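Notes for the one structure printed next.
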Amino acid sequence: MAGVLTLAVIVKNERRMLPELLEQHRHLADEIVVLDTGSQDGSPELAESAGARVTRVDWPGSFSEARNHSLSLAAHPWILVLDADERIAVGDHAEVRKAIAESSGAEIFRLIQRTYSDDAELLDWRPVDSPHARGRAGAYDVRLGRLFPRRPDLRFEGVIHEMIEPSAKRAGLTVRDLDVIIHHYKEAQSIDRQREKAQLYLELSRRKWRLAPGCPQAAFELAMAASATGHHAEAASALTPFVGPRLSLPLAEQLALALLHLKDLDALEQLVPWTERAGGERLAGLLGAAYLQAERSAAAEPLLRRATRHPGAAFRAFVDLGVALDALDQPAEADAAWREAERLHPESDLPALNRGRAARRAGRREEAEEFLVEARRRRADRWQTHALLAALALERGDYAAALGHARRAVELPGCGADGFLRACASALALGRRGEALGFARRAAALDPELSSVVDQLGGTS
């Protein structure tokens, strides 16, 4: 039987992800073509040894150019496009083949790209319970045109977030949705590779924005790439010019996410009217979180209640709603919100962490410790949990245990001044004045108001 399907892949330094990709799809595709854009880790040789047909080129500076070059290498009537960190489950291969067999050839198919992540702050993120998650707590979905007939008039467009749909529509083809999932394991790549790709996406998004400064989609993509690399001011700057009556909800949500990181409540408040639109629940959750940061729990509470009605935002909204209700002295209602969050996402540490924090404030120290130990079991790399365990140990006079918890907190990325202050107090209680001074200085570097602690220990603020 003649070949039907070509799998087209573009790679650069993907030796870690390639073997599984090639093995898992070798029975789905009749051939695999790999376009290597400058690997230095042996990726081309690995692909060739696995039976793929490899072509080496210099990186063309555009994802659409690279994609289209890979399409020109295909020999069969249909093309499936995947990246090295993407997989179609073996059990879904028959659905792909069936779609091709039943197609007239006058259509393309959009598949579901499901990106697995532990980052609950990502827009559209939701908890998942699936063996395909491979230990990740949640995921977000997007539809992408990835399966289509081989034709010279079908080409990807855009330097980044390239799409084939525009050319398909110009060619008179139907765009159909196929409920096959492309499992995307972005976070399974090495940290260095993730950073390299994030920086590349940012540079390409900046280029796209310069070419089309008035395009909302280009602004949206730049904001996503900028926020993903910590450039929140750049993200907000790209989207702010579009604020007005016709501002779309996706742009409003992305802008709110950037402003939330910038703690710009004045700018965020301008987006409140958009929360009343159909589908505005997720935006309400972001604004509610901002009010919570500003310790305006009464303003946060109704927004967070609205956000709990959005499937993708409900988990985080219930966590934040619990915090707001606790601050409003409604402990039973707060606990109910955290219980609902735990039901939605049983593996998350956030409900237990907040229940522990609330129990400690209420003087229920044993209960607080039970919650915090459970939160630590679920996620050991959140500094706040260790800092709170240090606080409990300090309160019961177990200074050695307190210092152990506090040292763990300050070793973790992003540890706040509170963690260093607990470490300082623990070391001081054990008579380790020099170590305490070091912790105090690091706390003061994060919060200048703590410079008085350095002075009291005989340092220089």
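Because only heavy atoms are used, hydrogens play no part in the values below, and waters and symmetry mates are left out as well, while side chains stay in. Note that the coordinates shown come from a computational prediction; the quantities given were computed from them, not determined experimentally.
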Legend entry - Residue pair R114 / A139: nearest heavy atoms and the distance that separates them: CG-CB, 3.6 Å
Legend entry - Within 6.0 Å of NZ in K186, more than 12 heavy atoms from elsewhere: no
Legend entry - Test ring pair (Phe, Tyr, Trp, His ring centres under 6.0 Å) applied to Y140 - qualifying residues, sequence neighbours left out: none
Inset, instruction - Evaluate the side-chain proximity of L204 to S62: yes if any heavy-atom separation is below 4.5 Å, no if none is. - result: no
Legend entry - Polar side-chain atom of D335 near backbone of P331 as donor-acceptor pair, under 3.5 Å: no
Legend entry - Any donor-acceptor N/O pair, H261 side chain to G230 backbone, under 3.5 Å: no
Legend entry - Non-hydrogen atoms of I10 and S70 that approach each other most closely: CG2-CB, 3.9 Å
Inset, instruction - Would you kindly say whether S130 and H132 are connected by a side-chain donor-acceptor distance under 3.5 Å? - result: no
Inset, instruction - Might you work through the salt bridge (Lys or Arg N to Asp or Glu O under 4.0 Å) test for E374 and R377, ending with a clear yes or no? - result: CA-CA 5 Å; E374 177 60 19; R377 183 192 68 78; 2.7 Å; yes
Legend entry - Donor-acceptor contact present, side-chain R382 to main-chain R376, <3.5 Å: no
Inset, instruction - Pick out which of K208, R67, R170 makes a salt bridge (Lys or Arg N to Asp or Glu O under 4.0 Å) with E157. - result: R170
Inset, instruction - Scan residues 236-253 for pairs that pass side-chain hydrogen bond (donor to acceptor under 3.5 Å, both in side chains), counting only residues two or more places apart or in two chains. - result: E253-R282
Legend entry - Non-neighbouring partners of H345 that pass ring pair (Phe, Tyr, Trp, His ring centres under 6.0 Å), sequence neighbours left out: W125, F315
Legend entry - Criterion side-chain contact (heavy atoms from CB on, under 4.5 Å) against L286, the qualifying member of T275, D320, L260: L260
Legend entry - Expected output: side-chain S64 to main-chain G158 donor-acceptor under 3.5 Å: yes
Legend entry - Atom of I32, atom of R26 and distance for their closest heavy-atom approach: CD1-CA, 4.4 Å
Legend entry - Flag side-chain contact, heavy atom, 4.5 Å: H184 against D83: no
Inset, instruction - Could I get the full list of side-chain contact (heavy atoms from CB on, under 4.5 Å) partners for A375, not counting sequence neighbours? - result: D349, A352, L353, T385
Legend entry - Main-chain N/O of G145 paired to E165 side chain as donor or acceptor, under 3.5 Å: yes
Inset, instruction - Could you tell me which residues satisfy ring pair (Phe, Tyr, Trp, His ring centres under 6.0 Å) with F420, sequence neighbours excluded, listed by chain and number? - result: none
Inset, instruction - Apply side chain to side chain contact (heavy atoms under 4.5 Å, CB included) to R210 and R207, showing your working. - result: CA-CA 5 Å; R210 287 195 297 269; R207 177 181 161 194; 3.8 Å; yes
Inset, instruction - Measure from the side-chain N and O atoms of E14 to the backbone N and O of D85, and report whether any donor-acceptor pair falls under 3.5 Å. - result: no
Legend entry - Over 12 foreign heavy atoms within 6.0 Å of CZ, R195: no
Inset, instruction - Can you measure from CD (Q384) to CZ (R357) and round to the nearest 0.5 angstrom? - result: 7.0 Å
Legend entry - Pairs flagged by side-chain hydrogen bond (donor to acceptor under 3.5 Å, both in side chains) wherever residues 171-183 is involved - sequence neighbours left out: E107-R176, R110-D177, Y116-H183, R143-D179
Inset, instruction - Please test F439 against V453 for side chain to side chain contact (heavy atoms under 4.5 Å, CB included), starting from the C-alpha separation and ending with a verdict. - result: CA-CA 10 Å; F439 288 132; V453 179; over 6 Å; no
Legend entry - Which residues share a ring pair (Phe, Tyr, Trp, His ring centres under 6.0 Å) with H310, sequence neighbours left out: none
Legend entry - Whether W274 side chain and L247 backbone form a donor-acceptor pair below 3.5 Å: yes
Legend entry - Listed partners of E20 passing salt bridge (Lys or Arg N to Asp or Glu O under 4.0 Å), at least two apart: R87, R134
Legend entry - Backbone of F156 reached by a side-chain donor or acceptor of N68 within 3.5 Å: yes
Inset, instruction - Keeping the roles fixed (side chain from S227, backbone from H232), state whether a donor-acceptor pair exists under 3.5 Å. - result: no
Inset, instruction - Could you walk me through whether D418 and R422 pass side chain to side chain contact (heavy atoms under 4.5 Å, CB included), step by step? - result: CA-CA 6 Å; D418 191 47; R422 299 271 164 72; 3.2 Å; yes
Legend entry - Flag if over 12 foreign heavy atoms under 6.0 Å of CD, E347: no
Inset, instruction - Any chance you could measure Q24, atom CD, to L7, atom CG, to the nearest 0.5 Å? - result: 11.0 Å
Inset, instruction - Take R343 and E340 through the salt bridge (Lys or Arg N to Asp or Glu O under 4.0 Å) test and state the conclusion after the steps. - result: CA-CA 5 Å; R343 185 190 67 78; E340 181 61 19; 2.5 Å; yes
Inset, instruction - Before giving the answer on side chain to side chain contact (heavy atoms under 4.5 Å, CB included), spell out for I164 and V81 the whole-Å C-alpha distance, their side-chain angles and the decisive distance to 0.1 Å. - result: CA-CA 11 Å; I164 202 164; V81 167; over 6 Å; no
Inset, instruction - Answer yes or no: does atom CG of D153 have more than 12 heavy-atom neighbours from other residues, nucleotides or ligands under 6.0 Å? - result: yes
Legend entry - Over all atoms of both residues, closest heavy-atom pair of E221 and S205: O-OG, 3.7 Å
Legend entry - salt bridge (Lys or Arg N to Asp or Glu O under 4.0 Å) partners for R277, two or more places apart: none
Legend entry - Q217 CD to H161 NE2 distance, which is reported to the nearest 0.5 Å: 8.0 Å
Legend entry - Considering all heavy atoms, the nearest A238-W209 contact: O-CH2, 4.2 Å
Inset, instruction - Could you tell me the separation between the CD atom of E95 and the CD1 atom of I100, rounded to the nearest 0.5 Å? - result: 11.5 Å
Inset, instruction - Taking the side chain as every heavy atom from C-beta outward, state whether L202 and L222 have any atom pair closer than 4.5 Å. - result: yes
Legend entry - Spacing of L200 atom CG and W59 atom CH2 [to the nearest 0.5 Å]: 5.5 Å
Inset, instruction - Please list, chain by chain and in numerical order, all residues satisfying salt bridge (Lys or Arg N to Asp or Glu O under 4.0 Å) with R126, sequence neighbours excluded. - result: D141
Inset, instruction - For V319 and A341, work out which heavy atoms get closest and say how close. - result: CG2-CB, 3.7 Å
Inset, instruction - Would you tell me whether S117 and E187 have side-chain atoms, one donor and one acceptor, within less than 3.5 Å of each other? - result: yes
Legend entry - Spacing of CG belonging to L111 relative to CZ belonging to R146, to within rounding of 0.5 Å: 8.5 Å
Show me the side-chain donor-acceptor pairs of residues 401-410 shorter than 3.5 Å, one per line, residues at least two apart or across chains.
unit_1	atom_1	unit_2	atom_2	d
R407	NE	E435	OE2	3.1
R407	NH2	E435	OE1	3.2
R407	NH2	E435	OE2	2.8

Legend entry - Pairs satisfying salt bridge (Lys or Arg N to Asp or Glu O under 4.0 Å), at least one member in residues 286-302, at least two apart: E269-R296, E301-R305
